[in-house]
Structure formats: structure tokens, C-alpha cells
Amino acid sequence: MQDGSVNVYSHAGRRMIPSLNLGSPCAMIQSCKTALLLLAVSGKLTCLNVKSQAAYFPPTTVDPLLSPPNCTILSAAVRPNGAPIIQCSSGVTYSFDSQLCSWIKLSERWWAEGSDVWQGRQRANKDVVASIEGAISAMAGTAEHRERPEWWNAALTLGHLESKMHAAKALESPSEYKQALLLYARKIADEGFRAKGEELIKDLFGPVFWRPGREDCWCPMVVGMHKRDLLREVLSVFAKSKTLTKLALDWQDMLKKAANDETV
């Protein structure tokens, strides 16, 4: 409404939540299952779960996303977990991370300049991260060719895959997270980056003596999948490489021992 109030009704016409007052009229309204996104003309963003009648995070503003000159918001959407997706004319798509209390980049046209895994032609893809990249590509056009150093593609591809994993996690897209993870493992193996490989292994393995219920910042799950199950597949990728075979075999033994200890 013009006074900034919002009413949410069920299919039968019942008011599902009290009338909201956003302070200014809505510019965009989107929903997905029980998640509702409200973007006011003032830039105030609200994301609610209409079933539980609770906000996913305190109301925030999109002003930081509009800092580039002449930048505008092209579209807004919301995921079932309440994560907003804001596409900007700057070629960057954002979401708000409730744990970090900050806007995060889901993807940007920068990755198209050298990443081997850019999915710019998949706008109609059912996978959310791939669709975001497709939308960015459709808006960006063709980038001019530039001479780059030899390491450019490898560095950009690894950075892009790390970004895709963070985006898939934020938007709760398990299939895209696993796909990016295994491509990341394969790229690390191809380049022979042992330090990166070992860091990834330790992140998925967690504490050696971890037990359920133990107070620890490490979580055994990521987007609904067990990290150690994902680690088995990562180690299989490493084991087939020419440079990380021994690293993989050592950690496969460690994983077997940890599994045996858990069953005792």
C-alpha cells in the first residue's frame, strides 16, 4: 500500500500475519514456499517466514549494493531458506548472510574473464547458481580479449569454484555445492597444489577425535550432506592424480580409522 503497510493472506483469504508497516511502499515483492521478500522504495529489505511468523534476519538496507555510479536493482528473488537474491546492473548478484550479518557476492561478471567453469549459457537451468551466472552473462555481453599471464586461468577458476561453493551453501543448493567441490578438487590435483589440497581435506575431515555432541566450531554437515562422505569422493579424485596420490592414500587410511572408532 502507499502508506508502506503490507497484508499477507492465505489462499482462503485469512490474514496470516499482522499488518506490517515498512515505512514506505513496496518496490518488489517475491515469495518462495513460506519465504516472503519485501523490498521497499526506501531500500529497506525484509525477508519473512510467513508460516512461523518470524524474520530470517533483522531488516537491512540495499544501499551498500548501489554504491557504484548509476547502479540499479534489476531483479529480486528469495530462496526457501529465506536467502534473498538481488541482481544489480553492475554485473554482481548478492545475497544477505544472516550469520555474517553482511551482504555477500553470489556471483559476478569478473569470473567470465578466465574461469573454465563459468556457466554463462545456462540461464534456464533449474540450478540456482547456474541460473544466476546465465542472467549475468545475458546482461554483460561479450568481454574484450586481453592478454593474461599463464597462471591466470588456473587462479581465476579456483577462485570462481570457491565462490560457487559459498553461493551454493548460502542458497542451499546441495547438487551445485557437490559439483563445484569435486571440480575444485580436480583442479587442485591437476595443478599439484598440495597445500590447498591438504587444507580442503582437513576442513572436510574436521577434528580427529570429533564426537557428536562435542562442543566444537566444526560442523559435520554442509547443505545437508556429511562432510566426511564428501571427503571420500575428494580423496578418490586426489588418488587418481599424479601429484597428490600419497596425500590421498594417507588420509583414506585416516578416514577408515576414524570410521572404525565411531562404530566402537
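In this text, all values refer to a predicted model and were calculated from it rather than measured experimentally.
Heavy-atom minimum distance, Phe205 versus Ala258: CZ-CB, 3.8 Å. Smallest separation of non-hydrogen atoms from Cys32 and Val78: CB-O, 3.2 Å. In plain terms, the two heavy atoms of Ala168 and Val223 that are nearest each other are O-CG1, 3.9 Å. Nearest heavy atoms, Leu247 versus Gly197: CD2-C, 4.3 Å. Summarising the geometry of Ala76 relative to Ile86, their closest heavy-atom pair is CB-CD1, 3.7 Å, with the distance given to 0.1 Å. Pairing each heavy atom of Asp127 with each of Ser175, the nearest pair is OD1-OG, 3.8 Å.
Tracing side-chain contacts under 4.5 Å through hydrophobic residues (I, L, V, M, F, W, Y), one never reaches Met28 starting from Leu106; they form parts of separate clusters.
By the neighbour-count criterion of 12 heavy atoms within 6.0 Å, atom NZ of Lys227 is densely surrounded, having more than that number from other residues, nucleotides or ligands. At most 12 heavy atoms of other shown residues, nucleotides or ligands fall within 6.0 angstrom of atom CG in Asn70.
Atom OG of Ser137 is separated from atom CD1 of Ile132 by 12.5 Å, given to the nearest 0.5 angstrom. Interatomic distance, CG of Leu230 versus CE of Met225, reported as 5.0 Å (0.5 Å rounding). For the atom pair Glu199 CD and Arg194 CZ, the distance stands at 13.5 Å (nearest 0.5 Å). With rounding to the nearest 0.5 angstrom, the CG atom of Leu66 is 5.0 Å from the SG atom of Cys71. If you take OG1 on Thr46 and CZ on Phe57, they are separated by 8.0 Å, rounding to the nearest 0.5 Å. If you take CG on Asn7 and CD1 on Ile17, they are separated by 8.5 Å, rounding to the nearest 0.5 Å.
The residues Glu108 and Lys105 are annotated as salt-bridged, a charged nitrogen and a carboxylate oxygen being separated by less than 4.0 angstrom. Using a cut-off of 4.0 Å between Lys/Arg side-chain N and Asp/Glu carboxylate O, Asp190 and Arg186 are scored as not salt-bridged. Under a 4.0 Å N-O distance rule, the pair Lys178/Glu233 qualifies as a salt bridge. Residues Arg232 and Asp229 are paired through a salt bridge, judged by an N-O separation under 4.0 Å between the basic side chain and the carboxylate.
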| said: Walk me through whether Tyr56 and Ser98 qualify under side chain to side chain contact (heavy atoms under 4.5 Å, CB included). | reply: CA-CA 7 Å; Tyr56 289 102; Ser98 59; 5.9 Å; no

| Steps toward side chain to side chain contact (heavy atoms under 4.5 Å, CB included) verdict (Leu36, Asn49) | CA-CA 6 Å; Leu36 176 66; Asn49 185 320; over 6 Å; no

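Donor-acceptor pairing under 3.5 Å is recorded for the side chains of Ser75 and Gln87. No side-chain N or O of Asn21 forms a donor-acceptor pair with one of Ser5 less than 3.5 Å apart.
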Please tabulate, one pair per line, all N/O donor-acceptor pairs under 3.5 Å involving side-chain atoms of residues 151-166, not counting sequence neighbours.
from, atom 1, to, atom 2, distance (Å)
Trp152, NE1, Glu113, O, 3.3
Asn153, ND2, Gly114, O, 3.0
Asn153, ND2, Asp116, OD1, 3.3
Thr157, OG1, Asp116, N, 2.9
Thr157, OG1, Asn153, O, 2.7
His160, ND1, Ser115, OG, 2.6
His160, NE2, Glu133, OE2, 2.8
Glu162, OE2, Tyr184, OH, 2.5
Lys164, NZ, Gln119, OE1, 2.7
Lys164, NZ, Glu133, OE2, 3.3

